[in-house]
Amino acid sequence: MTGAPRTVLVDGVPVGRGSRVRLRPSRRADILDLALTGREAEVDAIEEDFEGQLHLAVLVRDDPGRDLGASRKIGHRFFFTPEEVEPLGPGAGAPAPRVLVAGIGNMFLADDGFGPEVIAALRERPAPPGVHLVDFGIRGMDLAFSLLDGYAAALLVDAAPHGERPGTLSVIEPGPGPETAMPEAHAMDPVRVLALARRLGDGTLPRALVLGCEPEVRMTGEEPDVVVGLSAPVRQAVSRAVPLVESLVTELLAHSSLTGAGKAAAP
């Protein structure tokens with residue numbers, strides 16, 4: 001599906017990626033679509049089929065697997081025509097800011113699994129509209145391309161040694177990073193991924209913060225045995241990280257709404 005416009009008019013309101021809508025499937029829709037009648041959703045994309053008809057790919061707001069839909073996984077991404085959605089209130093069709101919360105780490109390398117564990121804990125709680133929770137593991141290239149996907153801001157959650165007491169949480173806003181960067185096979189350095197994304201795109205990125213946790217058990221991936229599970233201080237840090245992530249996301253959304261920026265804006 002190619003060649004689709006960035007927005008379509010629905011009841012005189014421009015609707016595009018990030019717009020909030022209510023689903024109103026036609027009576028001719030299949031039973032799965034009809035079951036979503038009245039549900040709130042966020043437009044993820046406008047796509048055109050081979051016959052030239054436009055469809056809105058949407059993510060249902062209260063779907064616990066919404067982040068899977070954002071990764072284009074089948075079963076959590078739904079398609080409706082523009083006539084089958086209703087913009088939510090005056091001006092609601094305007095794209096809202098989107099924030100990516102990315103868990104980074106290898107769950108088979110002890111405390112390196114901190115990022116994925118935080119994402120799993122966040123999925124147990126309601127997320128604000130426009131916030132996408134994704135466990136990237138060590139898929140650095142996927143994360144780099146996701147950073148170019150129109151997010152207003154990104155929060156990367158990772159185990160990051162800084163010489164502090166194990167379990168210590170820190171928030172940093174990383175610099176530009178190296179000119180040449182490629183993700184490593186058994187690790188994913190957020191600074192290197194940000195540098196790679198900058199090279200792959202037009203040189204601009206969404207504002208990015210890194211929430212790091214000081215690990216107690218550090219592994220390189222060269223050990224003969226895997227170690228699954230976090231150490232006690234890092235496990236305790238997960239519960240402290242969840243409200244901190246939620247607070248940071250609230251600030252990032254508020255700042256993006258004030259600036260109206262889809263890319264990074266100076267704080």
Side-chain angles (χ1 to χ4, degrees), residues 59 63-73 76 98-128 130-149 151 153-162 166-174 183-194 196-197 205-219 221 226-231 233-250 252-253:
L59 311 176
D63 179 4
R66 185 177 60 176
D67 59 304
L68 298 176
S71 300
R72 297 178 179 264
K73 296 293 191 297
H76 297 277
R98 300 162 60 243
V99 172
L100 173 66
V101 181
I104 296 173
N106 190 332
M107 62 179 293
F108 298 108
L109 295 181
D111 286 344
D112 197 53
F114 172 75
E117 287 286 354
V118 171
I119 294 297
L122 286 165
R123 285 174 176 161
E124 299 296 321
R125 300 158 69 100
V131 176
H132 296 163
L133 309 172
V134 184
D135 174 6
F136 283 95
I138 59 172
R139 295 178 288 115
M141 190 66 73
D142 286 352
L143 174 54
F145 278 111
S146 292
L147 290 168
L148 303 174
D149 205 15
Y151 287 101
L155 177 60
L156 313 184
V157 185
D158 189 22
H162 293 296
T168 300
L169 298 176
S170 58
V171 180
I172 64 170
E173 190 158 1
E184 303 170 28
H186 298 289
M188 185 162 62
D189 180 354
V191 175
R192 294 174 64 87
V193 173
L194 288 167
L196 174 61
L205 290 178
R207 182 185 181 192
L209 300 178
V210 177
L211 171 59
C213 178
E214 185 72 35
E216 180 176 67
V217 181
R218 297 180 59 187
M219 303 180 69
V226 299
V227 177
V228 179
L230 305 179
S231 64
V234 173
R235 169 63 63 186
Q236 294 169 2
V238 170
S239 60
R240 302 199 312 275
V242 168
L244 180 54
V245 168
E246 293 174 335
S247 175
L248 290 168
V249 164
T250 298
L252 290 169
L253 284 170

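Shown are T250, L244, V245; of these, the side-chain contact (heavy atoms from CB on, under 4.5 Å) with L248 is made only by L244.
Taken to the nearest 0.5 Å, the CG atom of L230 stands 9.5 Å off from the CE atom of M107. Residue D135 holds its CG atom at 9.0 Å from CD of E117, rounded to the nearest 0.5 Å. For the atom pair CG (L205) and CG (L196), the distance works out to 10.0 Å, reported to the nearest 0.5 Å. We find the CD-CD1 distance between E124 and I119 to be 12.5 Å, quoted to the nearest 0.5 Å.
Between D158 and L156, the closest side-chain pair of non-hydrogen atoms is not below 4.5 Å. Using a 4.5 Å cut-off on side-chain heavy atoms (C-beta onward), I104 and V193 make no contact. With a 4.5 Å cut-off on side-chain heavy atoms, L143 and L100 count as touching.
The side chain to side chain donor-acceptor pair (under 3.5 Å) test applied to S231 returns D111, not counting sequence neighbours. For V242, the side chain to side chain contact (heavy atoms under 4.5 Å, CB included) partners are A121, L122, R125, E246, not counting sequence neighbours. Taking R240 as the reference, nothing meets the salt bridge (Lys or Arg N to Asp or Glu O under 4.0 Å) condition, with sequence neighbours excluded. Partners of A120 according to the side chain to side chain contact (heavy atoms under 4.5 Å, CB included) rule, which considers only residues two or more places apart in sequence or in another chain, do not exist here.
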- Query: Given the rule in the side-chain contact (heavy atoms from CB on, under 4.5 Å) test, do F114 and L169 qualify, once you have shown the distances and angles that lead to the verdict?
  - Reply: CA-CA 11 Å; F114 172 75; L169 298 176; 3.8 Å; yes

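Within the 3.5 Å criterion, the main-chain N or O of D112 finds no donor-acceptor partner in the side chain of N106.
A pairwise comparison of heavy atoms in V228 and F108 identifies CG2-CD2, 3.5 Å as the closest pair. Closest approach of P233 and P166 over heavy atoms only: CB-O, 3.6 Å. Taking every heavy atom of both residues into account, V191 and P174 meet most closely at CG2-CB, 3.9 Å. Here the closest heavy-atom approach between residue P116 and residue G105 is recorded as CG-O, 3.7 Å.
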Below 3.5 Å, can you tabulate the donor-acceptor pairs from side chains in residues 210-219 to any protein atom, sequence neighbours excluded?
from : atom 1 : to   : atom 2 : distance (Å)
E214 : OE1    : H162 : N      : 2.5
E214 : OE1    : G163 : N      : 3.2
E214 : OE1    : E164 : N      : 3.2
E214 : OE2    : H162 : N      : 3.4
E214 : OE2    : G163 : N      : 3.4

